[in-house]
Chemist: 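Okay, here's the structure, questions in a sec.
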Amino acid sequence: MMLEILAATATGLVVLGWWMRRAALCPVAVGARPAGRRDATPRADGTVVLMAAPTDTATDTSSGEASGTQDTTARAAKKPPKRKPTGPSRRQFLKWGMGLGWLGVLAGFGTASLAFIWPNLRGGFGARIPVGTADSILGEIDSNQGRVEFPEARSLIVKYDPSLDPEDQYADITTGTGIMALYQKCVHLGCKVPWCAESQWWECPCHGSKYNRWGEWQEGPAPRGLDRFLVEEVDGQIVVDTSTVITGPSRSAAVLNQPPEGPHCQDAA
Ligand code: FES
């Protein structure tokens, strides 16, 4: 989200910069008096008289009236033509600048919202993802060293045998399918947790946390077992609901009695 907001802000600034260059707007120092401006002297009656800037011709009072008229005509002839103002007024510029700023904010908000709901629109992680029939998944688990991974659902899928869970701790999230979906992210600091074919455990390469086949904590710094997802069967398809991450069991709540079945793949932290 931050990325979208930064992109929108940068776009707004670029447009403002482009507009300032185009309009040839330049800052004027506070207190500076534009060239040609005359001083004003307040009178006793409160009116103000604009005083002409002193010039050589203005101070020369020794010449006659004709000479004064000639000087005035010459000055008028020398006077540079008034430049027509180009570009917007300061008020217009501020109004348009504020409008552009709001547009940038709205664009950033819209982009962030779209990015947030995008997974649900396209059916990726964050949506309910069909992963195949129960038979095909159970067959894959058998032929794949006891687990199967679905990167699209960020899920590690294992068999769930209800007879090994006498208190039905996981009955609600497996819904009679015989399949359990674990979130692949280590609950310590978020590394992806690979399968160790020797120990038949999940073993994190980052700091050595270890989880049994059902993703229950066994060793290492992880504060609990792996998080997991609801699994349901819908129209003959197993669906992993990745819209809600279900917090893993506490360290002391492990149900499956599964000692390591071989050497570990990762050293203890
Ligand atoms: S991230 Fe897995 S043990 Fe630290």
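Just so you know, ligand 1 is whichever comes first in the structure, and atom 1 is the first atom listed for that ligand. Values below: all heavy atoms of this structure, side chains included; hydrogens, waters and symmetry mates excluded.
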Chemist: Looking at atom 2 (Fe) of ligand 1, is there an N, O or S atom belonging to Cys186 that lies under 2.8 Å away from it?
Modeler: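 It does: Cys186 brings an N, O or S atom closer than 2.8 Å to atom 2 (Fe) of ligand 1.
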
Chemist: Please answer whether the main-chain N or O of Pro249 pairs with a side-chain N or O of Glu216 as donor and acceptor at a distance below 3.5 Å.
Modeler: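 It does not hold such a pair.
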
Chemist: Looking only at protein heavy atoms, which one is nearest to atom 1 (S) of ligand 1, and how far off is it?
Modeler: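 Its nearest protein heavy-atom neighbour is Leu189 N, 3.3 Å.
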
Chemist: Applying the side chain to side chain contact (heavy atoms under 4.5 Å, CB included) criterion to Val231, which one of Thr174, Ile238, Ile137 satisfies it?
Modeler: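 It is Ile238; the other options fail the test.
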
Chemist: Looking only at N, O or S atoms, find the one in His207 nearest to atom 4 (Fe) of ligand 1 and name it.
Modeler: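 Going through the N, O and S atoms of His207 one by one, ND1 ends up nearest to atom 4 (Fe) of ligand 1.
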
Chemist: State, yes or no, whether a side-chain contact exists between Gln237 and Thr133 at a heavy-atom distance under 4.5 Å.
Modeler: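 They are in side-chain contact.
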
Chemist: Is the Cys204 SG less than 2.5 Å from the Cys191 SG?
Modeler: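 No disulfide here.
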
Chemist: Testing Val131, Ile157, Asp135, Val148 for side chain to side chain contact (heavy atoms under 4.5 Å, CB included) with Glu140, which one passes?
Modeler: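 Testing Glu140 for a side chain to side chain contact (heavy atoms under 4.5 Å, CB included) against Val131, Ile157, Asp135, Val148 leaves exactly one candidate, Val148.
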
Chemist: Can you list the atoms of ligand 1 that are under 4.0 Å from a heavy atom of Ser209?
Modeler: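 Every atom of ligand 1 under 4.0 Å from some heavy atom of Ser209: 3 (S).
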
Chemist: Of all the atoms in ligand 1, which lie at a distance below 4.0 Å from a heavy atom belonging to Cys206?
Modeler: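 Selected atoms, number and element: 1 (S).
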
Chemist: Which ligand 1 atoms are under 4.0 Å away from a heavy-atom of His188?
Modeler: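 Selected atoms, number and element: 1 (S), 2 (Fe), 3 (S), 4 (Fe).
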
Chemist: If the cut-off is 4.0 Å to any non-hydrogen atom of Cys204, which atoms of ligand 1 fall inside it?
Modeler: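 Those atoms are 1 (S), 2 (Fe), 3 (S).
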
Chemist: Answer yes or no for Cys186 and Cys206: SG-SG distance under 2.5 Å.
Modeler: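 Unbridged: Cys186 and Cys206.
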
